[in-house]
Amino acid sequence: MSINTVRFSDFDLKPSIQEAIAQHGFETPTPVQEAVLGLPDVLSTDLVVQAKTGSGKTLAFSLPLINDLVAGGVPRILVLAPTRELAQQTAGEMEWLGRPLGMSVAVLVGGVPIGPQISQLRRGASLVVGTPGRVIDHLERGTLNAATIESLILDEGDHMLDLGFRDELESILKRMTAIKRTWLFSATIPDSVRYLVRRYLKDPRKLTLSVDETVNDDISHKAFVCPSRRRYEALVNVLLWERPERAIVFCATKVETADVALRLAQAGFGAHPIHGDMGQRERNHALEMFRSSTTGILVATDVAARGLDVTGVTHVIQLGLPSNIEAYVHRSGRTGRAGHSGISVTLLSPVEARRMKGLVRSFSVQINWFPVPDRGDLEKLEHLRLNEELDKLAALPDGKDYGELARAILERDDAVEVTAGLLARLAFEGPRGYSLKAELEAEQDRANRDRGRRPDPRSSNRRSEYRGDRSRNFAASGSRPRPRGAR
DNA sequence: AAAAAAT
């Protein structure tokens, strides 16, 4: 079994689907695709599928559904997603899969005119992908009939069952009278939604590819501790330190997202914001710009946390604590996709760092902790880079044209100054980074004092010391959420 | 706090 690699052609898929898959360069299914395709009578059961970020879940549910579908006048498949951008992306995938079979996709999301969507439906779309609000709008207008839907997919399903979506989901579900299967897909399915899964799905079969399938091994995790009020400066230092090719920076609020993007852009980093207060045109434009360039920074709220597949994202950088471990998993999962490696960086104040350690305690991911790189660290890094540059220059053939001049310079009394000047021209031109070390250490000392412990003049990287004796109890009580009434 | 329907 391990000798023969499973191929798409091993499954009973229609020739035109095989062709479409091959045309898109896919030969072997990912584990989740193999598991779903290989499940006996998959179409006659409800499903809960948990598979890691970037593992090809969209194709995993699309393939068996579209393979079974006959192109016809009414929609039979409805995919619900938590954000408009994700719905559009998923629709794009289903589009190329279904087109050879004569199926078209209606994308029912808010923020855009409803007219074209109604035309798409009238023309006989077989597949419908949308966000809850606009789908309900169509149901109420009578432009979409829930009674023809046979397959319901809850993409990022744990989030779709969240309180914020519950009412809308309920109102869609109760109109679906001909439903044959409900499939829930996500990288995370926290215990808090498991009872909801039992409520909305009928004896679902569970595909959990392994206990730790939520954690994508291709992502390495770092946490940098920084002064709480110098988060932006710390971000600049991290960008200079990590030199990401393409990065998504996550912020907690829309205002912070806009602010950070603006400041980064003014500092010369190619950065663009995306958040829910922007018009849909601007949101699509920002994402399109990011997708189509090979460099750049997208500064986002959690609107971009789930599902979005952008190739070549080398870094995910989170400013502050994620709201829960699921948010951390999904944000991090924007990198390290389809077998590529990625780096997930979290920037935390000393107090947040302590809460983060509580948050990830039962989580199998290995996070490496560091104090945020300081200006001095950045200078050392730049000197290393310059030295590498000099080695490269020495090996270049056109250097010999200047051999005589070089020797003459070395004879001069001010040879050091001249060389320094030349190096300055070679050096990285841009932000120099900020000095944050003193402020960070002062804040760490304060944080430690507040917790009734002696300050430690060394770095924040003392994880093992948090473990012994009764400090474990301290950390546990510190990470417990405050009672609601306390505000 | 964010997201999702316009209004």
Side-chain angles (χ1 to χ4, degrees), chain A residues 78-91 106-118 121 128-144 146 153-173 175 186 188 190 192-193 231 248-261 273-284 286-287 298-308 316 318-331 334 346 348-349 352 355-356 359 481-482 484 487:
Chain A
L78 172 61
V79 181
L80 289 175
T83 66
R84 298 162 181 176
E85 287 77 11
L86 180 56
Q88 286 163 344
Q89 176 185 294
T90 303
V107 192
L108 310 183
V109 298
V112 295
I114 200 164
Q117 296 176 352
I118 295 173
L121 291 166
V128 174
V129 185
T131 44
R134 183 58 67 90
V135 167
I136 291 173
D137 196 352
H138 281 282
L139 293 175
E140 284 170 353
R141 288 164 185 256
T143 47
L144 174 68
I153 313 305
L154 302 177
D155 201 1
E156 306 297 341
D158 59 325
H159 197 209
M160 300 306 296
L161 296 178
D162 259 6
L163 213 51
F165 285 109
R166 189 91 45 86
D167 291 349
E168 289 171 311
L169 195 61
E170 192 104 31
S171 124
I172 294 170
L173 285 169
R175 295 167 198 255
S186 183
T188 53
S192 54
V193 306
R231 186 114 60 199
I248 303 180
V249 174
F250 284 103
C251 304
T253 67
K254 300 167 194 171
V255 170
E256 190 187 4
T257 298
D259 180 50
V260 167
I274 186 166
H275 59 73
D277 275 354
M278 290 164 54
Q280 196 52 41
R281 281 174 60 102
E282 286 73 34
R283 283 167 61 166
N284 286 348
L287 191 58
L298 188 67
V299 187
T301 57
D302 278 337
V303 70
R306 283 176 177 254
L308 292 190
V316 165
Q318 306 187 41
L319 300 192
L321 285 169
S323 45
N324 50 45
I325 195 67
E326 289 76 34
Y328 181 82
V329 169
H330 288 281
R331 286 166 156 197
R334 294 321 95 215
T346 311
L348 301 165
S349 73
E352 289 171 337
R355 291 196 56 193
M356 183 73 177
L359 200 63
R482 301 261 173 278
R484 289 280 161 219
R487 319 191 279 133

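The analysis underlying the following values was restricted to heavy atoms, covering all of them including side chains, and did not include hydrogens, waters or symmetry mates. We name chains A, B, ... by the order of the sequence lines, and we start the count at 1 in each one.
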Would one find a side-chain N or O of Arg283(A) under 4.0 angstrom from OP1 or OP2 of dA4(B)?
yes

Measuring to OP1 and OP2 of dA4(B), would you say a side-chain N or O of Thr83(A) lies under 4.0 angstrom away?
no

Mark yes or no for whether Arg84(A), through its side chain, and Val109(A), through its backbone, hold a donor-acceptor pair below 3.5 Å.
no

Could you check which of dA5(B), dA2(B), dA3(B) has an atom nearest any side-chain atom of Thr253(A)?
dA2(B)

In whole angstrom, what separates Asp302(A)'s CG from dA4(B)'s P?
11 Å

Distance, rounded to the nearest Å, where Asp167(A) contributes CG and dA5(B) contributes P
14 Å

Could you work out which one of dA4(B), dA2(B), dA5(B) sits closest to the side chain of Glu85(A)?
dA4(B)

Measure from CZ on Phe250(A) to P on dA2(B) and round the result to the nearest Å.
14 Å

Rounded to the nearest angstrom, tell me the gap between atom CG in Leu169(A) and atom P in dA4(B).
16 Å

Atom-pair distance (CD1 on Ile136(A); C1' on dA4(B)), nearest Å
9 Å

Could you tell me whether the phosphate oxygens of dA5(B), OP1 or OP2, come under 4.0 Å of any side-chain nitrogen or oxygen in Thr131(A)?
yes

Electrostatic pair Arg141(A)-Asp137(A), nearest N-O below 4.0 angstrom:
yes

Would His330(A) and Thr188(A) count as having a side-chain donor-acceptor pair, cut-off 3.5 Å?
yes

List for me each residue that meets side-chain contact (heavy atoms from CB on, under 4.5 Å) alongside Thr253(A), sequence neighbours excluded, and say none if there are none.
Val255(A), Glu256(A)

Which whole-number value in Å describes the distance from Glu326(A) CD to dA3(B) P?
18 Å

Rounded to the nearest angstrom, tell me the gap between atom NZ in Lys254(A) and atom P in dA1(B).
10 Å

In this structure, how many angstroms lie between the C1' atom of dA1(B) and the CD atom of Glu352(A), rounded?
14 Å

Sugar-phosphate, base or nothing in reach of Gly164(A), heavy atoms under 4.0 Å:
base

Output yes when a side-chain donor or acceptor of Arg231(A) lies under 3.5 Å from a complementary backbone atom of Leu319(A), and no otherwise.
no

So, OP1 or OP2 of dA5(B): does either fall under 4.0 Å of a side-chain N or O from Arg84(A)?
yes

Between dA3(B), dA5(B), dA2(B), which nucleotide gets closest to the side-chain atoms of His275(A)?
dA3(B)

